[in-house]
Protein chains: 2
Amino acid sequence: MQQKKNTHKVDSKDENNCLVKTVHLNRVKKARDNAPPKKELEKLSNTFKALGDPTRLKIVMALSDEEMCVCDIAAYTGVSDSAVSHQLRRLKDLSIVKNRRAGQILYYSLDDNHITDIITIGHTHIKENK
Amino acid sequence: MQQKKNTHKVDSKDENNCLVKTVHLNRVKKARDNAPPKKELEKLSNTFKALGDPTRLKIVMALSDEEMCVCDIAAYTGVSDSAVSHQLRRLKDLSIVKNRRAGQILYYSLDDNHITDIITIGHTHIKENK
DNA sequence: TTGATATATGAACATATGCTCATATATCAA
DNA sequence: TTGATATATGAGCATATGTTCATATATCAA
């Protein structure tokens, strides 16, 4: 039988009325109430995923110093122009980078400084948890 | 032939003396000088990658409100206890979450507030670039 | 002890990811 | 125009990833 203190799972219903087991149904409900909209969660996780690949992160960190063209980024990161171009497109779609054209050359730079801030905090995090 | 202004690629050498083409060799060199150590880049990108999956991000965001046990997180996210446990292990290995035991139940919470800060900024970023 | 419960873990599998290669597009120089 | 150069893009492929299932471990109740 159910205890006074929440120390055991009990049957509950999820958002689609399917059976689930919960210990603190109030906490689960509260989490559901505060849950980000699905679209927002997707976009946010996509943004972090973009920084979650070493090559892309290296690109972004380099661009936080100075704008660079595709082939220089390729030379720096050690992957092909094509690979860099693919990654830049992805970063651009997420508004992480922008570009400007000068003749045949496209210069990429960060679109805003949020990303730099995020990286700075991430850096602090890993330093504190060596 | 080479121009006065940097508008064309020229042959250069990368860190391993392999041939690469660069437009602004000085920028590439500067980027190399400022490049994060490989280990650091790996750890940093792994941290962001951890937030780059919708399920994990949802977990982390929920935990920023209140500690939760495994089965409640499972009920909230809609994946199995096992999947949650796998993800929590990963987040714990990255010092993103920690846990405390109360009998059979393990309560997970955020290990520090850096992660919350990162998510807040990420949120601002996606809101500004709707 | 013994059985039940909460979580952890390893293997397996379907899907996602990042790269390369081939090719397309865009700009410049002549 | 025409050829060369810088970047973009789509397909294909090897690897990584997130989940489930089966099973292991840990704690509690009796």
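Throughout, protein chains are lettered first and strands after them, A, B, ... in sequence-line order, and every chain is numbered starting at 1.
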With a distance cut-off below 6.0 Å to the six-membered ring centre and an angular limit of 45° from the axis, does K58(A) pair with Y76(A) as a cation-pi contact?
-> yes
So which nucleotide from dT5(C), dT20(D), dC19(C) ends up closest to the side chain of T55(A)?
-> dC19(C)
Taking R27(B) for the side chain and E67(A) for the main chain, is one N or O donor matched with an acceptor at less than 3.5 Å?
-> yes
Taking all heavy atoms of H114(A) and all of E128(B), pick out the closest pair and write down the distance.
-> NE2-OE1, 2.9 Å
Can you tell which of L57(B), T55(B), L51(B) makes a side-chain contact (heavy atoms from CB on, under 4.5 Å) with S45(A)?
-> L57(B)
Test T7(A) against V23(A) for side-chain contact (heavy atoms from CB on, under 4.5 Å), laying out the working first.
-> CA-CA 7 Å; T7(A) 57; V23(A) 172; over 6 Å; no
Any N or O donor-acceptor pair linking the side chain of T7(A) to the base of dC28(D) at under 3.5 Å?
-> no
When the nearest nucleotide of DNA chain C is assigned to V84(B) and to G103(A) on a heavy-atom basis, which residue is associated with the more 5' position?
-> V84(B)
Check whether any side-chain N or O of D53(A) sits under 3.5 Å from a backbone N or O of R56(A) as a donor-acceptor pair, and report yes or no.
-> yes
Scan D112(B), I96(B), L94(B) and name whichever one has a side-chain contact (heavy atoms from CB on, under 4.5 Å) with N129(A).
-> D112(B)
Between atom NE2 in H8(A) and atom C1' in dA26(D), what is the gap in whole Å?
-> 14 Å
Given atom CD1 of I105(A) and atom C1' of dA8(D), what is their separation to the nearest angstrom?
-> 15 Å
Phosphate-side-chain proximity, S82(B) and dC21(D), N/O vs OP1/OP2 below 4.0 Å | no
Testing dT7(C), dG18(C), dT19(D) for proximity to the side chain of R90(A), the answer is dG18(C)
How do G78(A) and K9(A) order along DNA chain C: which one's closest nucleotide is nearer the 5' end?
-> K9(A)
How would DNA chain C look in dot-bracket form, 5' to 3', counting Watson-Crick and G-U wobble pairs with both distances under 3.5 Å and writing | for bases paired to another strand?
-> ||||||||||||||||||||||||||||||
Nearest-nucleotide pick for N99(A), side chain only, options being dT20(D), dA8(D), dG18(C) | dA8(D)
Answer yes or no: does a side-chain N or O of Q87(B) lie under 4.0 Å from OP1 or OP2 of dT19(D)?
-> yes
Y108(B) vs dA8(C): side-chain N/O to OP1/OP2 distance below 4.0 Å | yes
Flag the pair K30(B) and D65(A) as a salt bridge only when some basic side-chain nitrogen lies within less than 4.0 angstrom of an acidic carboxylate oxygen.
-> no
Check: dT7(D) base within 3.5 Å donor-acceptor of Q104(A) side chain = no
The side chain of D53(A) lies closest to which of these nucleotides: dG18(C), dT5(C), dT20(C)?
-> dG18(C)
Separation of dG18(D) atom P from L57(B) atom CG, nearest Å, is 13 Å
Length of the OH-C1' vector between Y107(A) and dA8(D), whole Å | 18 Å
Taking atom C1' of dT7(C) as reference, at what distance in whole Å does atom CD1 of I59(B) sit?
-> 14 Å
Between dA6(D), dT19(D), dA6(C), spot the one nearest the side chain of H86(B), thanks.
-> dT19(D)
Is the distance from OP1 or OP2 of dT7(D) to the nearest side-chain N or O of R101(A) less than 4.0 Å?
-> no
Are V10(B) and K21(B) side-chain neighbours, meaning at least one heavy-atom pair lies under 4.5 Å?
-> no
May I ask you to verify whether the side chain of S85(B) and the base of dT9(C) hold a donor-acceptor pair under 3.5 Å?
-> no
Would you check if the distance from the ring center of Y107(B) to the ring center of H24(A) is below 6.0 Å?
-> yes
Looking across every strand, which nucleic acid part, if any, lies under 4.0 Å from K49(B) by heavy atom: base, sugar-phosphate, or nothing?
-> sugar-phosphate
K13(B) side chain reached by C18(B) side chain, heavy atoms, under 4.5 Å | no
Side-chain atoms of R89(A) come closest, of dC28(D), dT9(D), dT19(D), to dT9(D)
Go through residues 61-69 of chain B and report each residue with a non-hydrogen atom lying under 4.0 Å from DNA chain D, sorted by number.
-> none
Round to a whole Å and report the spacing from CG of L51(A) to C1' of dG18(C).
-> 16 Å
Value in whole Å for how far the C1' atom of dG18(D) lies from CD of E42(A) | 14 Å
Would you kindly give the CG-to-P distance between L88(A) and dA6(D), to the nearest whole Å?
-> 16 Å
